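Any value given below was found using the heavy atoms of this structure, including those in side chains, with hydrogens, waters and symmetry copies removed. Per chain, numbering begins at 1; letters A, B, ... match sequence-line order. From a predicted model like this one, the values you see are computed outputs, not experimental measurements.
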There are 2 protein chains.
Amino acid sequence: MQTSYDVLSPNCPSRVVLNRIGDRWTIFVIMALNGQVLRFGELRERIGAITPKVLTETLRALEGDGLVAREAFAEMPPRVEYRLTALGVSLLEPIGAVRRWAETHVSEVLDARERSAEVGA
Amino acid sequence: MQTSYDVLSPNCPSRVVLNRIGDRWTIFVIMALNGQVLRFGELRERIGAITPKVLTETLRALEGDGLVAREAFAEMPPRVEYRLTALGVSLLEPIGAVRRWAETHVSEVLDARERSAEVGA
DNA sequence: CAGTATCCTGTGAGATACTG
DNA sequence: CAGTATCTCACAGGATACTG
């Protein structure tokens, strides 16, 4: 039983989470499902520029990690609902922390970026 | 002046931060520089499997975003020191939130992953 | 509606070798 | 020591078309 993790180690399980969060589409899906139950098509609409293939991949990954629950109804036409699991909901907190930091400091980052671009170019 | 951000929008400035954090090497560098001033070679050692090229790219990006400060000394042999800026330090907090979540919940994610792998395969 | 199936491309990043 | 310079490749992810 491992009791402590070292994020600096590439094979550390913590890295798993960072990879997932860092994934291009994960955040969008998690945020969209915040407090909502959505169908495949609804997710597509809300996220915008995502293709069905990529949305499916993202959803499958999230499902596999126990963050999102998928419920299919045997109807015609088909209906499938996605929602966050308890684990998925708990992920909203750290994501919120990142988001708050972003909203507070993005302008500084953008300023710095612009300033270095002037010189760099 | 934009007063509110929507992370669900791909062109939202907040996305900038998520991209940066999601970058494969950013976290490693930020964590390594936590409370430390390190030279290029020291960073290489601590991070492990990173190549000089990639470390340079990561460092330049971080510098450009105002998260890391680079100080070069005109000596022979050359000496260059990297440290977090105040902005970089402030980023430690949200990263810490993610890290804590990871340390608490990784086992659940891994369990779920394993369970779905059994079925999926 | 909720996906699959294919094909294709950009680029993050590794390996390797060289330089001020 | 602290990087640059090339070359190469895998793979995330996009476009498009099709199906139970």
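- The side chain of Arg60(A) places an N or O atom within less than 4.0 Å of a non-bridging phosphate oxygen (OP1 or OP2) of dT4(C).
- Residue pairs meeting the salt bridge (Lys or Arg N to Asp or Glu O under 4.0 Å) criterion with at least one member in residues 23-40 of chain B, sequence neighbours excluded, do not occur.
- When heavy atoms are screened at a 4.0 angstrom cut-off, Tyr82(B) is found touching the sugar-phosphate backbone but no base atom.
- For Thr56(A), the side-chain atoms get nearest to dT4(C) when compared with the rest of dT4(D), dT4(C), dA2(C).
- Grouping the Ile, Leu, Val, Met, Phe, Trp and Tyr side chains by contacts below 4.5 angstrom, directly or via other members, places Leu87(B) with Leu110(A).
- Rounded to whole angstrom, the span from the CD1 atom of Ile47(A) across to the P atom of dG13(D) amounts to 13 Å.
- Rounding to whole angstrom units, CZ of residue Phe28(A) and P of dG14(D) are separated by 10 Å.
- For residues 89-113 of chain B, the ring pair (Phe, Tyr, Trp, His ring centres under 6.0 Å) pairs, not counting sequence neighbours, are Trp101(B)-His105(B).
- In this entry the distance linking CD of Glu42(B) with P of dC1(D) reads 11 Å, nearest Å.
- Taking atom CD of residue Glu75(A) and atom C1' of nucleotide dA2(C), one finds them 13 Å apart after rounding to whole Å.
- Residue pairs that meet the salt bridge (Lys or Arg N to Asp or Glu O under 4.0 Å) test with at least one member in residues 64-77 of chain B, sequence neighbours left out, are Arg113(A)-Asp65(B), Arg20(B)-Asp65(B), Glu71(B)-Arg83(B), Glu75(B)-Arg79(B).
- Leu59(B) places its CG atom 17 Å from the P atom of dC1(D), with the value rounded to the nearest Å.
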**Asked** How does protein contact run along nucleotides 13-20 of chain C, one letter per nucleotide 5' to 3', with B for base contact, S for sugar-phosphate only, - for none, heavy atoms under 4.0 Å?
**Response** BBB----B
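- Between Val98(B) and Ile27(B), the closest side-chain pair of non-hydrogen atoms is not below 4.5 Å.
- Where the helix from dC1(C)-dG20(D) to dG20(C)-dC1(D) starts and where it ends, the local axes point in directions that differ by 60°; five pairs per end, rounded to 10°.
- We find that CD of Glu63(A) is positioned 15 Å from P of dA2(C), with the value rounded to whole Å.
- What you find for Leu67(B) and Leu91(B) is that their closest heavy atoms are CD1-CD2, 4.1 Å.
- The nearest whole Å value for the distance from the CZ atom in Phe73(B) to the P atom in dA2(D) is 11 Å.
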**Message:** I'd like to know whether Glu103(A) forms a salt bridge (charged side-chain N to carboxylate O under 4.0 Å, His left out) with Arg99(A), so could you lay out the CA-CA distance, the side-chain angles of the two residues, the decisive distance to 0.1 Å, and finally the verdict.
**Reply:** CA-CA 6 Å; Glu103(A) 292 173 351; Arg99(A) 184 186 192 166; 3.3 Å; yes
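- Listed here is the closest heavy atom pair of Ser107(A) and Thr104(A): OG-O, 4.4 Å.
- Within 4.0 Å of Arg44(B), counting heavy atoms only, lies no atom of the nucleic acid at all.
- Under the side chain to side chain contact (heavy atoms under 4.5 Å, CB included) criterion, Glu45(A) pairs with no residue at all, not counting sequence neighbours.
- Rounded to whole Å, atom C1' of dG14(D) lies 14 Å from atom CG of Leu55(A).
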